[in-house]
Structures are given as structure tokens and as C-alpha cells.
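Structure first, then comments.
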Amino acid sequence: SRHAGFTMIELMVAVVIVAILAAVALPGYRDYILRGKITEATSGLSDFRVRMEQFYQDNRKYDGAGLGGCGAAAPTSRYFAFTCVPAAAPAQTYIATATGVVGEGMSGFTYTINETNTRQTGAVPAGWAGAGGGCWVIRKSGC
């Protein structure tokens, strides 16, 4: 009588197929997760700029008791640390920066915005295109 079941070769073929699928899917999934984290920086900076403009409308300057001497409070983020540098008082310009937190897998990412809504990518990790320029890099291929 013959026993029913899988042979060792059939099992090894199945394992190889699963390994190939995992090798293709995992890098794409990692990039997907990074793009989701980048959204915290870009939305945080955009919101910060709006609040800075509201502060400016009330005070006719950008410097105040907020983030780094700027008028608005810092955005909250788990993946990015925010800084702001106003010009000399009474400040008519500022630069806000979001820098990736190393412990959260976002090291190498830096985004900036200023009072004219100029958005720049200061740095991205190796393998990402488009640092610099007038946009925020939100995917490996660039802006």
C-alpha cells in the first residue's frame, strides 16, 4: 500500500516559493512603512506653518515663546524632532525643520519649510532620490 502525503522535494519547492515571495514583498513593505512615517513630518511642518502665520497676523513677527523662539508650539511626532530658527527680533523670517529620530528608523531624513512655504528636503538616506530642490521627497523615486 502507498502512503499519502508530500515528498521532501515538494516541501522544499514550497519553501523556496515562499522565500522568493518574501524577498520581493519585504522591501516594498518597508518602503510603505517609511512613507507613512514621512507623512508625520510633512503634515507637522505644514500645520506648524499655518500656526506661524496665525501668530504673525496677531503679532506682526515670527519670534515668540514657542518652538525654538518661534511663535508657535512644536508639532508632536513619534518619528521626527522639530526645530525652528527665527531671524533676529522682530523676526520676519524663520526656518522650521523636521529631523528623523534615529531610534524609530527615520535617521537620515530632514525636511524644512519657511515663511514663504518653500519646502525642501535637506537629506534622505542612501538609495532615495531627490534631496534638495523645492519639494519634499516622500518616496524613493523622489518628490
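For clarity, every value in this text was computed on a predicted model and none was experimentally measured.
- Of all heavy-atom pairs between Val101 and Ala81, the closest is CG2-N, 4.0 Å.
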Dump the intermediate steps for salt bridge (Lys or Arg N to Asp or Glu O under 4.0 Å) on Arg51 and Asp47, then the final yes or no.
CA-CA 6 Å; Arg51 290 186 287 120; Asp47 176 60; 3.0 Å; yes
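- Sorted by first then second residue, the disulfide (SG to SG under 2.5 Å) pairs that include residues 79-120, not counting sequence neighbours, are Cys70-Cys84.
- Remark: Leu34 CG to Tyr79 OH distance equals 10.5 Å, nearest 0.5 Å.
- No donor-acceptor distance shorter than 3.5 angstrom exists from the side chain of Glu40 to the backbone of Lys37, with no hydrogens or angles considered.
- Scanning all heavy atoms of the two residues, the minimum distance from Gln92 to Lys61 falls at NE2-CA, 4.0 Å.
- Defined by atom type and a distance below 3.5 Å, a donor-acceptor pair is missing between the side-chain atoms of Tyr56 and Glu115.
- Separation of atoms OG1 (Thr76) and CZ (Arg78) is listed at 12.5 Å; rounding is to 0.5 Å.
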N/O donor-acceptor pairs under 3.5 Å from side chains in residues 106-114, not counting sequence neighbours:
{"residue": "Tyr111", "atom": "OH", "partner": "Val137", "partner atom": "O", "Å": "2.7"}
{"residue": "Asn114", "atom": "OD1", "partner": "Thr116", "partner atom": "N", "Å": "3.0"}
{"residue": "Asn114", "atom": "OD1", "partner": "Thr116", "partner atom": "OG1", "Å": "2.8"}
{"residue": "Asn114", "atom": "OD1", "partner": "Asn117", "partner atom": "N", "Å": "3.3"}
{"residue": "Asn114", "atom": "OD1", "partner": "Thr118", "partner atom": "N", "Å": "3.0"}

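- Considering CZ of Arg60 and CZ of Phe55, their distance stands at 12.0 Å, rounded to 0.5 Å.
- Without hydrogens or angle criteria, Asp63 side chain to Ala91 main chain gives a donor-acceptor distance under 3.5 Å.
- There is a path of hydrophobic side-chain contacts, each under 4.5 Å, that joins Ile17 to Ile9.
- Across Ala98 and Phe82, no two heavy atoms sit closer than the pair CB-CE2, 3.5 Å.
- Screening residues 23-55 for disulfide (SG to SG under 2.5 Å), with sequence neighbours left out, gives no hits.
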